[in-house]
*Asks:* 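Okay, here's the structure, questions in a sec.
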Amino acid sequence: MSRAVLVDTTICTGCRGCQIACKEQNDLPAEKTTFFAPAGGFQNPSALSPKTLSLVTFWELDRKGQVPVRTFVRRQCMHCLDPRCVKSCPGGALHKQADGSVTHDAAECIGCLACKDACPFGVPTLEMVNDVPHIRKCEFCTTRVSDPSVPDVLNKGHSTEDVLDEPKRKRLVAARSKPACVAACATGALLHGDRDELLAEARRRIRRAPGRYQNHVWGEREAGGTSWLYLAAVPFDQIGLPTKLPPAPAEGSLSEVAGVLAAPEL
């Protein structure tokens, strides 16, 4: 199964529960933020970073004197079907997995940022680990989803021990079978499953309520197709989801450049 997530932005309330769940799942610290109002939407933090692998952006679109349209959009690695980052990586640190996720091996990363240059969405970010540069990005909760087990007892050894019965165990395993962001979504704006099935569901929603949605599923074809699919009531390019993307670089071109830059002096 090629995993994917369908994001229905008409349902999202911008609660940021998914953003917090991502931090908890990946043990990421908070960031100090300040209010700002850029041309590209309102959000805190202002952009993806090594401490923020997913971000909910807020867009307010003017409708010429009418009530503005407000739309919340999740941003994270799109897990492309044909990922340019993987092709550009000189050290083989990025891998396209059979389930559709694009994962990163920090041990192989040289921090050259060739992947960021290749990514049409500018997703990978740089961090220093013991003075060694590495990139960070969303891993699509691959480890969590591949092993959705739960313990027999929650809070073992504490006064609030909770011995799991079978119904509760099944609910917890079902939750852990999804990315943390999807499991945390209170409104159902995020739906995880097989990509082909989610595309069919997206088309059904458009057919049932054509006035509610743009007649397009973003991510079906963009950048060669992505594992994150979006529905929206407004044009996608007005909410940070580009519909016109630069052509893919020639195979190996960025890898060769990055390899030269990373090569040790002789």
Side-chain angles (χ1 to χ4, degrees), residues 1-12 18-19 21-22 25 48 53-57 71-87 94-104 115 118-124 137-148 173-185 187-210 212-233 236-237 239-245 248:
M1 181 183 78
S2 181
R3 295 195 294 126
V5 172
L6 175 61
V7 184
D8 191 334
T9 65
T10 70
I11 299 175
C12 179
C18 58
Q19 189 171 317
C22 177
Q25 174 67 30
L48 296 175
L53 304 184
S54 64
L55 180 68
V56 177
T57 61
T71 303
F72 298 96
V73 182
R74 268 190 59 82
R75 188 169 180 228
Q76 69 291 304
C77 175
M78 296 296 183
H79 297 277
C80 300
L81 302 189
D82 186 21
R84 304 179 190 190
C85 60
V86 173
K87 293 179 178 179
L94 290 159
H95 305 276
K96 178 68 176 179
Q97 303 296 342
D99 70 348
S101 58
V102 178
T103 58
H104 173 248
C115 56
C119 176
F121 311 108
V123 167
K137 72 173 197 67
C138 160
E139 298 279 310
F140 214 178
C141 282
T142 301
T143 302
R144 169 192 171 106
V145 173
S146 64
D147 182 22
V173 169
R176 289 195 57 82
S177 299
K178 307 171 185 175
C181 57
V182 177
C185 182
T187 64
L190 303 179
L191 186 62
H192 176 253
D194 176 77
R195 186 175 187 272
D196 289 340
E197 293 177 3
L198 292 179
L199 280 170
E201 171 60 23
R203 296 186 189 109
R204 278 195 294 269
R205 295 187 188 189
I206 293 172
R207 286 196 304 270
R208 290 171 182 169
R212 181 185 181 97
Y213 300 106
Q214 294 287 303
N215 188 25
H216 179 60
V217 184
W218 191 96
E220 180 177 8
R221 296 183 296 274
E222 281 77 12
T226 65
S227 296
W228 281 75
L229 309 167
Y230 292 79
L231 292 173
F236 293 99
D237 58 3
I239 54 175
L241 294 171
T243 53
K244 295 181 180 179
L245 295 166

*Asks:* How would you list, by chain and number, every residue that makes a salt bridge (charged side-chain N to carboxylate O under 4.0 Å, His left out) with Glu220, sequence neighbours excluded?
*Replies:*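 Residues passing salt bridge (charged side-chain N to carboxylate O under 4.0 Å, His left out) with Glu220: Arg203.
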*Asks:* Determine, step by step, whether Val123 and Gln76 satisfy the side-chain contact (heavy atoms from CB on, under 4.5 Å) criterion, reporting the C-alpha distance in whole Å, the side-chain angles of both residues, the deciding distance to 0.1 Å, and the verdict.
*Replies:* CA-CA 7 Å; Val123 167; Gln76 69 291 304; over 6 Å; no
*Asks:* Going through the distances and angles, do Lys96 and Asp82 end up as a salt bridge (Lys or Arg N to Asp or Glu O under 4.0 Å)?
*Replies:* CA-CA 8 Å; Lys96 178 68 176 179; Asp82 186 21; over 6 Å; no
*Asks:* Checking Tyr230 side chain against Arg74 main chain: does a donor-acceptor pair fall under 3.5 Å?
*Replies:*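 Between the backbone of Arg74 and the side chain of Tyr230 there is a qualifying donor-acceptor contact (under 3.5 Å).
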*Asks:* With sequence neighbours left out, what residues match Ser101 under side chain to side chain contact (heavy atoms under 4.5 Å, CB included)?
*Replies:*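 With sequence neighbours excluded, Ser101 shows a side chain to side chain contact (heavy atoms under 4.5 Å, CB included) to Arg3, His79, Gln97, Asp99, Thr103, Phe140, Thr142, given in chain and number order.
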*Asks:* Any heavy-atom pair between the side chains of Glu197 and Leu191 that's under 4.5 Å?
*Replies:*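 Not touching, per the 4.5 Å side-chain cut-off.
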*Asks:* So how far is it from Thr226 OG1 to Arg221 CZ, rounded to the nearest 0.5 Å?
*Replies:*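 Here the rounded value is 11.5 Å.
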*Asks:* How close do Pro179 and Arg144 get, heavy atom to heavy atom, and via which atoms?
*Replies:*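 Closest pair (atom of Pro179, atom of Arg144, distance): C-NE, 3.9 Å.
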*Asks:* Flag the pair Asn215 / Pro210 as yes when at least one side-chain heavy-atom distance between them is below 4.5 Å, and no otherwise.
*Replies:*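 No, side chains not in contact.
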*Asks:* Locate the shortest heavy-atom distance separating Ser227 from Leu81; write the atom from each residue and the value.
*Replies:*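 It is OG-CD2, 4.0 Å.
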*Asks:* Please list, chain by chain and in numerical order, all residues satisfying salt bridge (charged side-chain N to carboxylate O under 4.0 Å, His left out) with Glu201, sequence neighbours excluded.
*Replies:*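 Scan of Glu201 (salt bridge (charged side-chain N to carboxylate O under 4.0 Å, His left out), adjacent residues dropped) gives Arg204, Arg205.
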*Asks:* Any heavy-atom pair between the side chains of Cys77 and Phe121 that's under 4.5 Å?
*Replies:*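 In short, these two side chains do not touch, never coming nearer than 4.5 Å.
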*Asks:* Hey, does Asp237 have a side-chain heavy atom less than 4.5 Å from the side chain of Lys244?
*Replies:*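 Lys244 vs Asp237: side chains apart.
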*Asks:* Looking only at heavy atoms, which two atoms of Ala189 and Cys185 are closest? And how far apart?
*Replies:*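 So the minimum-distance heavy-atom pair works out to N-SG, 3.3 Å.
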*Asks:* Hey, does the side chain of Lys137 reach the backbone of Val102 with a donor-acceptor pair shorter than 3.5 angstrom?
*Replies:*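 Yes, the answer is positive, given that a donor and an acceptor are paired below the 3.5 Å cut-off.
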*Asks:* Would you check if Trp218 and Val7 make a side-chain contact, meaning some heavy-atom pair closer than 4.5 Å?
*Replies:*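 No, their side chains stay 4.5 Å or more apart.
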*Asks:* Tell me, do Leu94 and Pro83 make a side-chain contact under 4.5 Å, heavy atoms counted?
*Replies:*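 The answer is no, as the side chains (C-beta and beyond) never meet within the 4.5 Å cut-off.
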*Asks:* Can you find a heavy atom in the side chain of Ile206 that is under 4.5 Å from one in the side chain of Val217?
*Replies:*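 Heavy-atom side-chain distance check passes, below 4.5 Å.
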*Asks:* Looking only at heavy atoms, what is the nearest atom pair of Ser54 and Cys18, with distance?
*Replies:*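 Heavy-atom minimum between the residues: OG-O, 4.3 Å.
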*Asks:* Search all heavy atoms of Ala180 against all heavy atoms of Gln25 and return the closest pair with its distance.
*Replies:*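 Minimum heavy-atom contact is CB-CB, 3.7 Å.
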*Asks:* Give the minimum heavy-atom separation between Ser2 and Gly100, together with the two atoms involved.
*Replies:*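 Minimum heavy-atom separation between Ser2 and Gly100: OG-CA, 4.0 Å.
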*Asks:* What's the verdict on side-chain contact (heavy atoms from CB on, under 4.5 Å) for Lys178 and Leu190, showing C-alpha distance, side-chain angles and the deciding distance?
*Replies:* CA-CA 10 Å; Lys178 307 171 185 175; Leu190 303 179; over 6 Å; no
*Asks:* Does the side chain of Leu245 reach to within under 4.5 Å of the side chain of Glu222, using non-hydrogen atoms?
*Replies:*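 Side chain of Leu245 against side chain of Glu222, heavy atoms only: contact under 4.5 Å found.
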*Asks:* Any donor and acceptor pair, going by atom type alone, linking the side chain of Thr9 with main-chain N or O of Leu231 inside 3.5 Å?
*Replies:*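 The answer is yes, because a donor-acceptor pair under 3.5 Å joins these two groups.
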*Asks:* Have a look at His192 and tell me which of Leu6, Val5, Leu198 forms a side-chain contact (heavy atoms from CB on, under 4.5 Å) with it.
*Replies:*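 With His192 as partner, Leu6, Val5, Leu198 yield a single side-chain contact (heavy atoms from CB on, under 4.5 Å), made by Val5.
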